[in-house]
Asker: 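Quick one: the structure is below, and I'll ask about it shortly.
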Amino acid sequence: MLHSSGLDQVVYDYVLATPGAVEIAERTVVRVLAQAAALPGRPVALHVCCRGGKHRSVVLARKAGELLRDVGADVVVTHRHVHLPVVETGAAAVTGPSAEISDDPTGAWTGDA
């Protein structure tokens, strides 16, 4: 799976089968909705991070986006590092630090999705 990503269905299914993964996404959605209710009319940005930015963060961002869409939220899911090549260094592989679930409202990051 090293050269696959959370955009691949097999990786998506594998990560979500991890005990607690779906619950993390569900708790995240509750918090995002609470933040949106506290700031009506303002965008809410959620950044999901993991070591490589290709597997867990991508899957959890996708799942949170799906759950938010299910309750009628307008969601944009952007994966900032999923397209980067894997850099293998011994036993570890590193690609990038995060995937984000929506555009950064501050405009701090302007790279390609």
Asker: Restricting to pairs with a member in residues 10-20, which pass side chain to side chain donor-acceptor pair (under 3.5 Å), not counting sequence neighbours?
Answerer: Gln9-Asp13, Tyr12-Glu66
Asker: Using the test side chain to side chain contact (heavy atoms under 4.5 Å, CB included), find all partners of Leu33 that sit at least two apart in sequence or belong to another chain.
Answerer: Val29, Leu68, Val71
Asker: Rounded to the nearest 0.5 Å, how far does NE2 of His55 lie from OG of Ser4?
Answerer: 6.0 Å
Asker: With side chains defined as the heavy atoms from C-beta onward, is the minimum distance between Leu46 and Val44 less than 4.5 Å?
Answerer: no
Asker: Mind listing the closest non-hydrogen atom pair of Val75 and Arg69 along with its distance?
Answerer: O-NH2, 3.6 Å
Asker: Between Val10 and Val22, is there shared hydrophobic-cluster membership here, with clusters defined by ILVMFWY side-chain heavy atoms closer than 4.5 Å?
Answerer: yes
Asker: So, for Leu84 and Lys54, which heavy atoms are closest and what is the spacing to 0.1 Å?
Answerer: O-NZ, 3.2 Å
Asker: Applying side chain to side chain contact (heavy atoms under 4.5 Å, CB included), name anything that partners Arg31, two or more places apart in sequence or on another chain.
Answerer: none
Asker: Could you grab the distance from atom CZ of Arg62 to atom CG of Leu16, nearest 0.5 Å is fine?
Answerer: 8.5 Å
Asker: So, taking the atom named OG in Ser57 and the one named NE2 in His81, what distance separates them when rounded to the nearest 0.5 Å?
Answerer: 9.5 Å
Asker: May I have the step-by-step check of side chain to side chain contact (heavy atoms under 4.5 Å, CB included) for His83 and Leu7, ending in yes or no?
Answerer: CA-CA 10 Å; His83 65 285; Leu7 299 176; over 6 Å; no
Asker: Could you tell me which non-hydrogen atom of Ala45 sits nearest to which non-hydrogen atom of His47, and how far apart they are?
Answerer: CB-NE2, 4.0 Å
